[in-house]
Amino acid sequence: MVGEAEEESVAEFTGVGVSPGRAVARLVHMPAPVAEPAPDDRLTPDADVAVEQERIATAATRVRDDLEARAQRAQGDGKAVLEATAMMAADPTLVAAAQGKVAEGARPERAVWDAAAEVAETLAALGGYMAERTRDVADVRDRIVAALSGLPAPGVPESAEPYVLGAVDLAPADTATLDPATCVALVTAEGGPTSHTAILARALGLPAVVAAPGVLDVPAGTLVLVDGAAGVVRVDPTEAEIEHARAVATRDRTFDGHGRTADGRRVQLLANVGDPKGVAGAVEANAEGVGLFRTEFCFLGHAEAPSVDEQVAAYRTVLAAFPGKKVVVRTLDAGADKPLPFLNPAAEANPALGVRGLRTSVRFPAVLDDQLAAIAQAAAAEQATVWVMAPMVATAHEAAEFVQRCAAAGLETAGVMVEVPGAAISAAHLLGSARFASLGTNDLTQYTMGADRLLGELAALNDPWQPAVLRLAQLTCTAGLERDRPVGVCGEAAADPALACVLVGLGVSSLSMTPRSIPDVADVLFATTYEQCVHLASLAIEAPGANEARAAVRAELPVLDELGL
């Protein structure tokens, strides 16, 4: 909500801060999404069908050329996404299908829209990798329709000057060419703390505020200051605010590889790694190891589970980068938003509460056993200290069975993720067999608050600062202390420097996050004693709500403002 700020500033509005830091630049809006042409959009009787068909071919060629040119300027994942989309634009199938609909009387824009729907439906039915290409079809469709309509191409705008990107929300394809050298911050009207936009912003180290509807009302070109920690966007900031933001942006951000509080209490600072490509960032950040190695990358795009040998080779690429350091491997977390055809063959009415994570091993035990065998072989071939944990564990029986299966595979240090409220409440029983626990705050928050973590409308509920979520974390830590079992955090909450202090005060002994967040969390912890962390934890847990908890803690951490966090 826009409101009057200090006398020297014009206005500010508030959303949910999801990636710390401050940045100042002029606001650039994402182009409006391409609207679906009217269903009855037909050619006039005197229209030249051949000319209209040729318009489609010309537009598709223009889109392909533009995507190929962008791909040449992009790097890494962005380059791969653009190249794949360009290939789709060059595929004659979509153009031919659309031209056929023009012959039946549809205008080119409508013809492309309907033809794309048919192509996407065909790919979706094939499953696996081909099903994933449906997003490429939609992207190409929008670009061709925009070209036919004389509209700007959808996607992240290009700019020679630094800018703050404002949008309703960002999809994965939107971010393929996002350049942190020019896009210095993100502000979206929708999205939540664990939305794609939030995760992307943290990975790139960009200050970001989501669930801030006011961004759509601020005119493009307006100078804004984004405070990604406080969740505030200042319109027309003062010179003093601008200078402070610039000083913060240029401060030294390094980590000496030894996480601790001001009085020397050890807190391991680890990295979340999603695939081998994420290793470099973790090593560069001097992470003390990996607190969450997501193994889904090895399974996605497969019609059948990969072989043990394939998995061993994939896992070794990550383990090899951390000799002598801890790497916590999470077994396959399929289901919900990551369905796999060989594990989730049937659609579920409510997949987030369905057969996902460890639960898939009941019907397909061989998939888990093969993965554990692969992890054990990879661990034996490398020098990393390998721990393994299962996602979506809800009961002590599940925990004990998982530990037994790990032991049978030769994996001694087996633990559980605490993502279900029931697991936190029964943590003492789970930790009777499990050697450690890791709090997955993303899912724990959505299940505790009954709020879909990707739904922007519920961002205020889906906030890891919710005292109810922190109480469950405290229960888990208390059980860990009683059982002499370490409890860590691998959810996105660990990347919030203020919340990291609270988690340490609750009893957490390790924090795993996107590598770019490690220096900030390290700096704040090093400026805060353990006794202060305990005090901050009590303030947060006794607060009536997430906003009050965050405000109470931040008020007692002046180092946050000094560091621009």
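Throughout, residue positions are numbered sequentially from 1 according to the sequence presented. The model shown is predicted, which means the values in this text are computed figures rather than measured ones.
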What I'd like to find out is whether the side chain of [X] reaches to under 4.5 Å of the side chain of [Y], using heavy atoms alone.
X	Y	result
L430	V393	yes
T188	V215	no
L439	T476	yes
N547	W465	no
V504	L525	yes
V233	L225	no

Taking atom [atom1] of [X] and atom [atom2] of [Y], what is their separation to the nearest 0.5 Å?
X	Y	atom1	atom2	value
M417	N442	CE	CG	8.0 Å
L470	L475	CG	CG	11.5 Å
L560	R554	CG	CZ	4.5 Å
C298	Y315	SG	OH	4.5 Å

Indicate yes or no for a side-chain donor-acceptor contact from [X] to the backbone of [Y] under 3.5 Å, with no hydrogens or angles considered.
X	Y	value
S512	G291	yes
R485	L431	yes
Q466	D463	no
R260	H258	yes
S19	L206	yes
S517	M513	no
S361	L358	yes

What is the minimum heavy-atom distance between [X] and [Y], and which atoms define it?
X	Y	answer
L511	A500	CD1-CB, 3.7 Å
G281	P515	O-CB, 3.5 Å
C490	S438	SG-OG, 3.2 Å
L472	A424	O-CB, 3.7 Å
V553	L536	CG2-O, 3.7 Å
A522	F255	CB-CD1, 3.5 Å

Checking salt bridge (Lys or Arg N to Asp or Glu O under 4.0 Å) for the pair R405/D369: CA distance, chi angles, key distance, verdict? CA-CA 7 Å; R405 292 170 79 163; D369 290 336; 3.2 Å; yes
Examine R330 relative to F293 and say whether NZ or CZ is less than 6.0 Å from the centre of the six-membered ring and inside a 45° cone about the ring axis.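 No, R330 does not sit over the ring of F293.
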Under-4.0 Å salt bridge between [X] and [Y]:
X	Y	answer
R253	D520	yes
R356	D333	yes
R516	E284	no
E288	R266	yes
D496	R550	no

In terms of ring plane angle, is the pair F436 and W387 parallel, tilted or perpendicular, where the classes change at 30° and 60°?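 Ring orientation, 0 to 90° scale: tilted.
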Does atom [atom1] of [X] have more than 12 heavy-atom neighbours from other groups under 6.0 Å away?
X	atom1	result
H397	NE2	no
D256	CG	yes
H429	NE2	no

With side-chain hydrogen bond (donor to acceptor under 3.5 Å, both in side chains) as the test, would you mind laying out the steps for T295 and Q371 before giving the verdict? CA-CA 9 Å; T295 57; Q371 184 174 28; 2.8 Å; yes
Start with the C-alpha distance between D227 and R234, add both sets of side-chain angles, then the distance that settles salt bridge (Lys or Arg N to Asp or Glu O under 4.0 Å), and finish with yes or no. CA-CA 8 Å; D227 186 334; R234 300 291 290 266; over 6 Å; no
Residue pair R471, E542: steps toward the salt bridge (Lys or Arg N to Asp or Glu O under 4.0 Å) verdict: CA-CA 9 Å; R471 285 185 181 278; E542 294 298 333; 3.7 Å; yes
Given Q446 and D443, is the side-chain hydrogen bond (donor to acceptor under 3.5 Å, both in side chains) satisfied, shown in steps? CA-CA 5 Å; Q446 80 162 342; D443 273 326; 2.7 Å; yes
Among L563, V184, D561, find the residue that satisfies the side-chain contact (heavy atoms from CB on, under 4.5 Å) test when tested with R22. D561
Trace of the side-chain hydrogen bond (donor to acceptor under 3.5 Å, both in side chains) decision for N462 with T445: CA-CA 6 Å; N462 197 2; T445 301; 4.8 Å; no
Scan side-chain atoms only and decide if S307 and D309 contain a donor-acceptor pair under the 3.5 Å cut-off.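 Side-chain D/A pair, S307 to D309: absent.
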